[in-house]
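The structure under discussion appears below in the form of structure tokens.
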Amino acid sequence: MILDGKHYAAELKDVLTKQCAALKVAHGRAPSLHVLLIGNNPGSLVYVSMKQKRAFDFGIQSTVHRLDETISREAVLNLINELNNSTEVDGILVQLPLPAHLNANEIIDTISPEKDVDGLTSINLGKLIRGTPSLVSCTPLGCMHILKKWKADISGLNAVIVGRSTLVGKPLSLLLIHADTTVTVCHSKTHNLKEHTMQADILIAACGDPKLIRKEHVKPGACVIDVGMSRLSDGSLSGDVAFDEVVHIADAITPVPFGVGPMTVAYLMSNTIQAMKNTHAQID
Ligand code: GUN
């Protein structure tokens, strides 16, 4: 079974565009997303332009704030505070990575938790640990959606995540714990990776190491979700899983591209709609 993220994202888009239209009728404007893009990281330029295009497709207003690589900490914090205080702004996202002179944690924690569509503020990460989240990182939400398409009830299964990032591995481990799976998180210092991954009913590769997961890492019948997306020296795009090998062993697998990627974008739009509901609940 190929888990077709592009198709699931299109299904989600049908629901979300209707919600956007209803919000526009109720409040006189569409949900709005503001993205801060600092510097010229080539990956970030591609991601941000894709997010902007997709926002338009969903009926969401998107504004990109292109800021110079050398911008001061104070200027970034002032802009975020301005956006926090604006009733016209629903979602705020600071594209990562940031230039070395800026402290990402400080900058992210300046975003109002109600507008934090990446779910990366200390408040939203803390709520996620408690199981009372409002806004959760988009890629983990996309992975959980795909898993539900594989099996309605994943309770009791062994889930192994390869990668411990704050954006994906850590929040996803919490969502999987809340879904009653038994979670193992592996990373670059893990001894005998294969021993862990071979126990996985659900294997999630989110380490950014192209084709790290080979057929010998995968238990027959597992569900394999590939979050990786690396640009190789020949210009091609590669996931963290050797798809051509693993597809014959797994029960289900996501392709790269058109697996997790479209779901991440769809959940960014979902979070922006949620953020508008959050801010308007405060006004009402
Ligand atoms: N850089 C790469 N992926 C992401 C993402 O999902 N959010 C942010 N803010 N930065 C990123």
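Order of listing sets the numbers, starting from 1, for every ligand and every atom in it.
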Checklist line | Options D118, L36, L98, ranked by nearest heavy atom to atom 8 (C) of ligand 1, top entry | finding: D118
Margin query: Strictly distance-based, threshold 3.5 Å: is any side-chain N or O of D201 a donor or acceptor partner for the main-chain N or O of L157?
Written below: no
Check: Is a salt bridge present between D57 and K53, judged by a nitrogen-to-oxygen distance below 4.0 Å?
Finding: yes
Note to self: Which residue and atom name correspond to the protein heavy atom nearest atom 11 (C) of ligand 1, and how close is it?
What the structure shows: Q95 NE2, 3.3 Å
Item checked: Nearest neighbour of atom 4 (C) of ligand 1 from the list T264, L96, L120, L167, on a heavy-atom basis -> L167
Check: Are R29 and D90 close enough for a salt bridge, meaning some N to O gap below 4.0 Å?
Finding: yes
Notebook entry, point to check: Hey, is ligand 1 close enough to V94 that some N/O pair sits below 3.5 Å?
Noted result: yes
Checklist line | Check: L268 main-chain N/O paired with K51 side-chain donor or acceptor under 3.5 Å | finding: no
